[in-house]
Engineer: 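Mind having a look at this structure? Questions to follow.
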Amino acid sequence: MPKRIVYSTQIEYIQCLDEQGKLDEKLVPQGDPSRLSDEQAVFLYGKMIEYRHLDEVAFKLQRSGRMYTYPQNKGQEAAALGAGAALRVGVDYLVPCYRENAALFLHGLDPKYILLHWAGDERGNAIPQRDKHGEQGVNCTPIAIPIGTQMLHATGMAWAYKLRKEDKVVATFFGDGATSEGDFHEAMNFATVFNVPCVFICQNNHWAISVPRDQQMNSETVAQKGIAYGAHCVQVDGNDLFGMYKVVLEARERARNGGGVTLIEAITYRLADHTTADDARRYRSEAEVESWRGKDPVIRLRKYLEGQGLWNDAKQKETLDKAEAWTKKIVDEVLNYPAPHRNEMFDHLFADIPEEQRRQRDTWATHSLGQFPAQIQLGK
Ligand SMILES: Cc1ncc(C[n+]2csc(CCOP(=O)(O)OP(=O)(O)O)c2C)c(N)n1
Ligand SMILES: [Mg+2]
């Protein structure tokens, strides 16, 4: 008789705040540590408004020729913000891709660096993590454009924290498309075998540029990919701030207590194009986008807060005005940022620059192309 290994499992789907703004009181009872307090929810709603406004302005900067490209985060704010709120600022470490601006800002990253980065300035990705420029370092790595690579960095960092017995959790963020990369599988395998304090947060926005989820993976969910590695796997409504906070908080505590690695699949949707170089109308139907506009995390949270008597039109206007002033200040600073030294792109890769790079840098310095042409000169 052939032996048979019987295996059955299920993926839990968590939603605390539904599309009508109704909170599931059983899932997150009043006073439960995994429930955001009223004060926290109001604070985070204000941040959502600020960050969405900045996101819209960044799009306009690109359209008006002052930024090379920009991937809007619009629609995915709750996933990033709920996760960011559940991680300890200045203690835990964020290892992002490029759609988690909200989490980075919440942890202290000055938004000007994100804008500088997309304007092609190396300093946007190099300064924030370092103290040497006289600024407070932020616990985040630079945003990762090569899809999936950051998950391996996160795993290595978490392993280091474990070996050093430091009470830190590393959270890494990535898209659904990234889970089709080998890096995801290597990272999950290593992280679970060595039981490192790492939380894997997938923002499943259903598309990897123009490739829909069901054409790039044969599994029914992203979450179940972690089962084979022995990770804790959960799906959550990524447009639900309360749900995100709860699952990430639980995953964080599990990681801290040596309880294992968690893979979180946050179901969300990008309401804008992939980047400013894309036109999503060519591959997504208007009906699909429209259905997700109804699940917008900002609208949902506002409904909840209004229902609780915690928000009203006057507060909305006041917050929007503040968001506009806040954004304007950041944009002014970016547009007037001193131009980078042309050697800047060589400065942040190695502590001691290797011979080959040194040679390239010296050649660059003598070449006329070493001068930035006027039209792409960002700062003064
Ligand atoms: C290694 C690598 N391959 C291809 C690309 C080109 N690329 C940029 S974004 C992207 C899709 C990523 O999709 P997903 O992981 O779902 O993230 P999303 O953009 O939807 O947030 C691809 C293929 C890249 N940046 N890096
Ligand atoms: Mg995606």
Side-chain angles (χ1 to χ4, degrees), residues 51-52 55 58-59 62 67-84 94-105 114 117-118 120 124-125 140-155 171-188 199-226 235-239 244 263-285 288-289 291-292 295-297:
Y51 301 160
R52 180 163 293 186
D55 196 65
F59 172 79
Q62 193 280 336
M67 193 181 275
Y68 291 113
T69 188
Y70 180 72
Q72 280 199 261
N73 286 204
K74 187 176 175 177
Q76 301 187 206
E77 293 91 344
L81 210 50
L94 310 183
V95 182
C97 68
Y98 45 78
R99 263 188 242 283
E100 291 81 34
N101 289 350
L104 304 177
F105 300 160
I114 293 289
H117 166 75
W118 292 110
N125 241 351
C140 65
T141 53
I143 56 177
I145 309 301
I147 297 300
T149 48
Q150 74 279 13
M151 296 181 258
L152 293 163
H153 304 154
T155 302
T172 183
F173 298 85
F174 47 93
D176 45 293
T179 68
S180 303
E181 292 273 359
D183 306 46
F184 166 78
H185 298 277
E186 291 168 37
M188 286 299 297
V199 179
F200 289 74
I201 304 171
C202 175
Q203 289 208 61
N204 175 4
N205 62 9
H206 299 82
W207 291 89
I209 314 185
S210 55
V211 183
R213 197 204 65 90
D214 62 2
Q215 275 178 39
Q216 52 134 332
M217 64 184 77
N218 198 30
S219 56
E220 211 177 324
T221 67
V222 169
Q224 75 198 63
K225 295 189 186 189
Q235 252 189 359
V236 57
D237 181 340
N239 288 2
M244 278 306 296
L263 170 61
I264 296 168
E265 177 185 4
I267 309 289
T268 185
Y269 198 78
R270 66 169 157 77
L271 289 174
D273 293 331
H274 170 71
T275 65
T276 46
D278 174 45
D279 179 1
R281 288 172 303 183
R282 294 176 64 180
Y283 54 84
R284 300 196 304 196
S285 72
E288 177 182 308
V289 182
S291 78
W292 281 94
K295 300 176 188 171
D296 189 322

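Order of appearance sets the numbers: ligands from 1, and atoms from 1 within every ligand.
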Engineer: Would you call Phe174 a ligand 1 contact, heavy-atom distance under 4.0 Å?
Structural biologist: no
Engineer: Does the protein put any heavy atom within less than 4.0 Å of atom 6 (C) of ligand 1?
Structural biologist: no
Engineer: Could you walk me through whether Ile143 and Trp118 pass side-chain contact (heavy atoms from CB on, under 4.5 Å), step by step?
Structural biologist: CA-CA 11 Å; Ile143 56 177; Trp118 292 110; 3.7 Å; yes
Engineer: With the Mg ion (ligand 2) as the point of reference, which N/O/S atom of Asp176 is the closest?
Structural biologist: OD1
Engineer: Report the distance from atom CD1 of Ile209 to atom CD1 of Ile147, rounding to the nearest 0.5 Å.
Structural biologist: 7.5 Å
Engineer: After noting the C-alpha distance and the side-chain angles of Gln150 and Phe174, does the key distance pass the side-chain contact (heavy atoms from CB on, under 4.5 Å) rule?
Structural biologist: CA-CA 8 Å; Gln150 74 279 13; Phe174 47 93; 3.6 Å; yes
Engineer: Using modelled atom types and a 3.5 Å cut-off, is there a donor and acceptor pairing between side-chain atoms of Asp273 and backbone atoms of Ala280?
Structural biologist: yes
Engineer: Say you draw a straight line from CG of Leu104 to CG of Leu81; how long is it, rounded to the nearest 0.5 Å?
Structural biologist: 11.0 Å
Engineer: Among protein heavy atoms, which sits nearest to atom 14 (P) of ligand 1, and what does the distance come to when rounded to 0.1 Å?
Structural biologist: Gly177 N, 3.4 Å
Engineer: Examine Arg270 against ligand 1 and note whether any of their N/O atoms are separated by less than 3.5 Å.
Structural biologist: no
Engineer: Tyr269 pairs by side chain to side chain donor-acceptor pair (under 3.5 Å) with which of Lys295, His206, Glu288?
Structural biologist: Glu288
Engineer: What is the nearest protein non-hydrogen atom to atom 17 (O) of ligand 1, stated with its residue, atom name and distance?
Structural biologist: Tyr98 OH, 3.5 Å
Engineer: Atoms of ligand 1 less than 4.0 Å from His274 heavy atoms?
Structural biologist: 9 (S), 19 (O)
Engineer: With heavy atoms of Pro146 as the reference, note each atom of ligand 1 found under 4.0 Å away.
Structural biologist: 26 (N)
Engineer: Among protein heavy atoms, which sits nearest to atom 11 (C) of ligand 1, and what does the distance come to when rounded to 0.1 Å?
Structural biologist: Ile209 CG1, 3.7 Å
Engineer: Tell me whether Gln76 contacts the main-chain N or O of Lys74 through its side chain, where contact means a donor paired with an acceptor under 3.5 Å.
Structural biologist: no
Engineer: So for ligand 1, is Ile145 a polar contact partner (N or O within less than 3.5 Å, distance only)?
Structural biologist: yes
Engineer: Drop me the distance from Arg99's CZ to Phe173's CZ, to the nearest 0.5 angstrom.
Structural biologist: 14.0 Å
Engineer: List the closest protein heavy-atom neighbour of atom 15 (O) of ligand 1: residue, atom name, distance to the nearest 0.1 Å.
Structural biologist: Ala178 N, 3.0 Å
Engineer: Enumerate the atoms of ligand 1 whose separation from the nearest heavy atom of Arg99 is less than 4.0 angstrom.
Structural biologist: 18 (P), 19 (O), 21 (O)
Engineer: Are His274 and Trp207 close enough, and set up right, to give a side-chain contact (heavy atoms from CB on, under 4.5 Å), and what steps lead you there?
Structural biologist: CA-CA 9 Å; His274 170 71; Trp207 291 89; over 6 Å; no
Engineer: Give a yes or no answer on whether the side chain of Asn205 reaches the backbone of Arg270 with a donor-acceptor pair at less than 3.5 Å.
Structural biologist: no
Engineer: Taking both backbone and side-chain atoms into account, decide whether Asn204 has an N/O/S atom under 2.8 Å from the Mg ion (ligand 2).
Structural biologist: no
Engineer: So which bit of Ile147 gets within less than 4.0 Å of ligand 1, heavy atoms only: side chain, backbone, both or neither?
Structural biologist: both
Engineer: For atom 3 (N) of ligand 1, which protein heavy atom lies nearest, and how many Å away is it?
Structural biologist: Glu181 OE2, 4.0 Å
Engineer: Do any of the N/O/S atoms of Ala178, backbone or side chain, fall under 2.8 Å from the Mg ion (ligand 2)?
Structural biologist: no
Engineer: List ligand 1 atoms under 4.0 Å from Asn205, heavy atoms only on the residue side.
Structural biologist: 18 (P), 20 (O), 21 (O)
Engineer: Please lay out, stage by stage, how Glu265 and Thr221 fare under the test side-chain contact (heavy atoms from CB on, under 4.5 Å).
Structural biologist: CA-CA 8 Å; Glu265 177 185 4; Thr221 67; 3.5 Å; yes
Engineer: Which is it for Gln203 and ligand 1 at heavy atoms under 4.0 Å: side chain, backbone, both or neither?
Structural biologist: neither
